[in-house]
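In this text, all values refer to a predicted model and were calculated from it rather than measured experimentally. Residues take their numbers from the sequence shown, with the count starting at 1. We count ligands from 1, going down the list as the structure has it; atoms in each ligand are counted the same way. The analysis underlying the following values was restricted to heavy atoms, covering all of them including side chains, and did not include hydrogens, waters or symmetry mates.
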Amino acid sequence: MVTNLLHCGRFQLDLTYPRVMGIVNVTPDSFSDGGQYAATDLAVAHAQQLIAEGADILDIGGESTRPGAEPVSLQEELRRVIPVIEALSKISTVPLSIDTYKPQVMQAAIQAGVDIVNDIRALQEEHALEIVANSNVGVCLMHMQGVPQTMQINPTYADVLSEVQQFLADRAVACLAHGINKNRIMLDPGFGFGKTKEHNIALIQHLDRLTQLGYPLLVGLSRKSVLGKIAGGDELQRLHAGLAASVISVMKGAKVVRVHDVKATVDALKVVAAVI
Ligand code: 7PM
């Protein structure tokens, strides 16, 4: 039966209305020498603030997925994110998501109480499918061309929409074949991940086509460089462009938007939900 419920860990998320996923980055504190405890406390406090602002999901990341960034080691990623998940799983009123492509991080995060695996590599790493299948967490499968270190050098597609659609359809089938129920899966075109400005714009324009795959769509455009290329401004000056992108995405069928600026996005999407 087709419903609007996403089954994810301890939660069943109603996707009748658009939902806001708030981004919680866990990064080492470079300003003080507070070490891991300070970084954990900062991330937990930020997460609580995002819940107060109306976040429906919290996406916790140790920054291993940043385009162009140097990879973070497994040990370092675990050290950053697991204490935050352990702390939040005791107090969070909303589902927790882990932003990782590393199967060992997925496994530890599931044990620590996470509800969703958000994977920019769409569970293509060895054992990732099995780990998710052997749990009850939800999963977000994202499209990426290439690898984060080099993907923005010369992204090339014959037909970006068809290629993204085919990839996501194939990854959803791989999940189903491993016993991951349909109602646990979300799909994401992966804005900025091996895509030029024109590719990103084509994907927003035709996002409604991706909804035809029959899975809820998650969109992440918050503060991304395509917004700067369209409207100008550096990362922290892209709020208004990002709100426009979230509104357009939801109008074209997205069910979840992944954003840094939760309060502003919640307000904007209330207006959309009132008329949708
Ligand atoms: C620099 C550029 C730093 C971009 C970080 C990023 C997505 C994601 C990320 C997305 C899903 C960011 C990105 N983007 N997961 N993780 N979808 N599902 O904005 O678009 O945080 S990293």
For the residue pair R10 and D115, establish whether any side-chain heavy-atom pair is separated by less than 4.5 Å.
-> yes
Can you tell if the side chain of H7 reaches within under 4.5 Å of the side chain of N136, non-hydrogen atoms only?
-> no
Output the distance between atom OG (S73) and atom CG (L78), rounded to the nearest 0.5 Å.
-> 8.5 Å
Structural part of D99 in contact with ligand 1, heavy atom criterion under 4.0 angstrom = side chain
Region of D59 engaging ligand 1 - heavy atom pairs below 4.0 Å = neither
Nearest non-hydrogen contact to atom 20 (O) of ligand 1 from the set H260, M186, R258, K224 belongs to K224
Hey, could you give me each pair passing ring-ring contact (aromatic ring centres under 6.0 Å, His included) that has a residue in residues 194-227? Not counting sequence neighbours.
-> Y157-H199
Inter-residue atom distance H46.NE2 - L88.CG, 0.5 Å rounding = 11.5 Å
Counting from 1 in the order shown, the ligand 1 atoms closer than 4.0 Å to a non-hydrogen atom of L218 are 18 (N)
Looking at M142, which atoms of ligand 1 are within less than 4.0 Å of one of its heavy atoms?
-> 10 (C), 11 (C), 17 (N)
